[in-house]
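Order of the sequence lines fixes the chain letters, A, B, ..., with proteins taken first and strands second; residue numbering starts at 1 for each chain.
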Amino acid sequence: MLQVPYLRENTEKALSGLAKRNKDFSATVQSIISVDESRRKLQNELDNLLAESNKISKIIGDLFKEGKREEADGMKVRTTEIKEECKGIETNLSQLEEELKQLLYLVPNVPHESVVFGKGAEENEVVYSSGEIHALGESKLPHWELCEKHKLIDFELGVKITGAGFPVYIGKGARLQRALINFFLEEAMKAGYTEHQVPHLVNEASGYGTGQLPDKEGQMYHVGVDDLYLIPTAEVPLTNLYRDVLLKEEQLPIKLTGYTPCFRREAGSYGKDVRGLNRLHQFDKVEIVQLSKQEDSYALLEDMVNHVKGLLNKLELPFRILRLCGGDMGFTSSLTFDFEVYSAAQERWLEVSSTSNFETFQANRLKCRYKGSDGKTQLVHTLNGSALALPRIVAALLENHQDENGVRIPQALVPYCGFERI
RNA sequence: GGAAAGGUGGGUGAGUGGCUGAAACCAACAGUUUGCUAAACUGUCGUACGGGAAACUGUACCGGGGGUUCGAAUCCCCCCCUUUCCGCCA
């Protein structure tokens, strides 16, 4: 959620940034400013009335003590009047506050200056690419056929016990999952992230904290009886660890990592994109999260991008990095880099990581602040990235490293797997 | 699921309906002292939203929401959460 004073004082800047999202927010922003204006005016009126009432109450108290009962009773008339007046104002005020909140929920984060205008994914900029795309022979197979051939993943079984998008990993397929999770966690640890094992269900407040609620309500699985949500990413519990927390400057940056399964309803996505491991309702992911001082966040974003680069290089996968254009960027993000690996048999790019700086957008809802050396309290910047999400990595590993004898496991992963070939 | 206790500032923890935005202690910060560190002493030290160039100042906040009252951390009602005991159980 953006901050009203920011919108008020930097209206032009905010609007020109928001315009990159290929949508016009000027009407909404103008309403926010004017609703807030009325809100402040009303608040002021109320405060003045309450101040008067407080003053009178004190006098009444004193009069009582002096035994001047009648005089005191006389003054009660005015406070009763004030109370009536306040009631009306309070009703209006809470209406305005609600209106303001709803308006603020409509406005996404302001894109960073490096973000370009764009309507959608096709206008994302490729800012880096690495690895060679090998032409595979005629015998190349897509990963879902490799999974079947080598008995790594059984999609049908998953359908039977749960439904589509819930695969069952078997034998070397399951061990490969464990190996990747361990590999990613170890690498994160080496890079200074502290591992956390967090709950896989979160309450409503956490959903609001990181911005999944109210915008993406339909994307999360909701456990009605207990009013809890299955996490769509470890970002939610990890970042919410610091909800309502006042940090000291020297604690920053805070670097967190954690492995969790992720649950996504993916309502409304059909077609060939969902084949095999391309899109699942449950998948595994190691997430990295950072909380930082405002002035450090972009340098840290670069560190995170480099960390993910390192992982993909060790897995010997061809990949590219995209800087998302305004139209394709997530609601809460200010700058996002997507990582895509090349899926050699499908002959398409698959997104495996999204690494973003949210600046203060999440911190504002989270109320995660720090006290700077100047004694001023300010919001932290939050960042996160997938490092990495497993299914598409597995797809790319299988497809890119297949040969006539099966599938080769990249060297870096062998110690974690315990086998060199599938 | 049943019963009981409890939720107060960064932490611990007081708080007869008005003099309590809240004692005390710890932590933190600044200063004095000191060869250094420590100790001691002194002072500062909650958040949010307003007004003001600033000094400063108004309001709200003691889990959340209502209510009683001229006045509520304190009394009443509802809800949420935590802890302990019992039951069930990996």
Would you mind telling me which of [options] lies closest to the side-chain atoms of [X]?
| X | options | answer |
| --- | --- | --- |
| A:L50 | B:A60, B:G50, B:C70 | B:A60 |
| A:R369 | B:G50, B:U59, B:A48 | B:A48 |
| A:N54 | B:G50, B:C70, B:A60 | B:A60 |
| A:K76 | B:C70, B:G58, B:G50 | B:C70 |
| A:I60 | B:U59, B:C70, B:G51 | B:C70 |
| A:D47 | B:G58, B:G18, B:G51 | B:G58 |
| A:S57 | B:G51, B:G71, B:U59 | B:G71 |

Check whether A:S386 reaches the backbone of A:S354 with its side chain - one donor and one acceptor, N or O, closer than 3.5 Å.
yes
Any side-chain donor near an acceptor of the partner, A:S206 and A:N203, under 3.5 Å
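There is such a pair (donor and acceptor under 3.5 Å, judged by atom type) between the side chains of A:S206 and A:N203.
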For the residue pair A:Q346 and A:N278, confirm or rule out a side-chain donor-acceptor distance under 3.5 Å.
yes
What is the pairing partner of [N], taking Watson-Crick or G-U wobble pairs with both distances under 3.5 Å in any strand?
| N | value |
| --- | --- |
| B:C36 | none |
| B:G50 | B:U57 |
| B:C85 | B:G2 |
| B:G10 | B:C26 |
| B:A73 | none |

Take atom [atom1] of [X] and atom [atom2] of [N], then tell me their distance rounded to the nearest Å.
| X | N | atom1 | atom2 | answer |
| --- | --- | --- | --- | --- |
| A:E204 | B:C81 | CD | C1' | 15 Å |
| A:E84 | B:U69 | CD | P | 12 Å |
| A:I56 | B:U59 | CD1 | P | 13 Å |
| A:D244 | B:G46 | CG | P | 19 Å |
| A:K367 | B:G46 | NZ | C1' | 14 Å |
| A:E90 | B:U59 | CD | P | 14 Å |
| A:I82 | B:U59 | CD1 | P | 12 Å |
| A:E52 | B:U59 | CD | P | 12 Å |

Under 4.0 Å between any heavy atoms, over every strand shown, what does A:R39 touch: base, sugar-phosphate, or nothing? Just pick one.
sugar-phosphate
[X] side chain near [N] phosphate (N/O to OP1/OP2, under 4.0 Å):
| X | N | answer |
| --- | --- | --- |
| A:K83 | B:G71 | yes |
| A:N48 | B:U59 | no |
| A:T377 | B:U47 | yes |

Position toward the 5' end of RNA chain B (nearest nucleotide), A:R40 or A:G61
A:G61
Please give the distance between the [atom1] atoms of [N] and [M] as a whole number of Å.
| N | M | atom1 | value |
| --- | --- | --- | --- |
| B:G51 | B:U44 | P | 29 Å |
| B:A39 | B:C80 | P | 47 Å |
| B:A72 | B:A5 | P | 27 Å |
| B:A3 | B:C79 | P | 13 Å |
| B:U34 | B:A27 | C1' | 23 Å |
| B:U69 | B:G18 | C1' | 12 Å |
| B:G17 | B:G31 | C1' | 41 Å |
| B:G46 | B:G11 | P | 14 Å |

Can you tell me how the ring of A:Y193 sits relative to the ring of A:H307, calling it parallel under 30°, perpendicular over 60° and tilted otherwise?
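A:Y193 vs A:H307 ring planes: tilted.
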When A:I181, A:L388, A:V352, A:T233 are each screened for side chain to side chain contact (heavy atoms under 4.5 Å, CB included) with A:K285, the one that passes is A:T233
How long is the straight-line distance from CG of A:N109 back to CD of A:E359, given to the nearest 0.5 Å?
6.0 Å
Inspect the contact between A:D62 and A:K58 and indicate whether a charged nitrogen and a carboxylate oxygen are less than 4.0 angstrom apart.
no
